[in-house]
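See below for the structure under consideration.
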Amino acid sequence: MSKLTILEFPDPRLRTKAQPVTVFDAALKQLVADMFETMYAAPGVGLAATQVNVHQQLLVMDMSEDSDQPIVLVNPRILEKSGEQVYQEGCLSFPGIYADVERALRVKVAAQDADGTPFEREFEGPLAVCVQHEMDHLAGKVFVDYLSPLKRSLLLKRMEKKRKQSA
Ligand code: NI
């Protein structure tokens with residue numbers, strides 16, 4: 001396994017729209033394993049392929065306390081959405097900043113696993129937030145897109161400051 005480089009905003013490659021995965025081979029499984037390694041090491045709870053500069057419809061997540069409930073969604077589509085929730089989100093492409101975003105409370109998703117087997121699964125609460133956040137990445141969208149221009153520029157300035165401090 002190897003750790004991948006995570007693209008950070010404002011890298012324009014984060015705006016790329018991912019293409020469907022059509023080949024379910026050993027390289028895809030390796031990519032999934034590398035994405036988990038990268039996400040756990042960050043540490044983070046979700047990672048879209050877009051964030052590691054692979055523009056295919058693939059995301060990994062794990063919001064469990066012991067990092068032992070990995071979820072892989074290949075070619076995910078939202079079938080149903082209901083309710084709403086506001087959750088404080090962060091993103092590995094935006095180190096050190098967090099913001100409240102409103103999203104659906106529950107989502108029903110159709111996807112494939114790393115072998116190409118189709119399945120459907122419902123997510124609720126924080127997991128539903130994570131699915132929606134990561135699926136946005138695959139569409140070239142990021143969480144600060146939901147914020148007001150003022151809020152967004154304040155947060156991005158804060159991120160820039162932190163980046164300079166840690167450089
Ligand atoms: Ni993100």
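Position 1 is the first residue of the sequence; numbering continues from there. Atoms within a ligand are numbered from 1 in the order they appear, just like the ligands themselves. Please read these numbers as outputs of a predicted model, since none were measured by experiment.
- Under the rule for a side chain to side chain contact (heavy atoms under 4.5 Å, CB included), the partners of Tyr146 that lie at least two apart in sequence or sit in another chain are Val101, Arg103, Asp136, Lys141.
- Judged purely by distance below 3.5 Å, without hydrogens or angles, the side chains of Asp115 and Thr117 never pair a donor atom with an acceptor atom.
- The aromatic rings of Phe94 and Phe143 stand perpendicular to each other, their planes meeting at an angle above 60°, with 30° marking the opposite boundary.
- Of the candidates Arg158, Arg163, Lys162, Glu160 forms a salt bridge (charged side-chain N to carboxylate O under 4.0 Å, His left out) with just one, namely Arg163.
- Not a single donor-acceptor pair under 3.5 Å links the side chain of Thr16 to the backbone N or O of His55.
- Of the N and O atoms on the side chains of Gln88 and Asp100, not one donor lies less than 3.5 Å from an acceptor on the other residue.
- Around the Ni ion (ligand 1), protein N, O or S atoms at a distance under 2.8 Å total 3; waters are neither shown nor counted.
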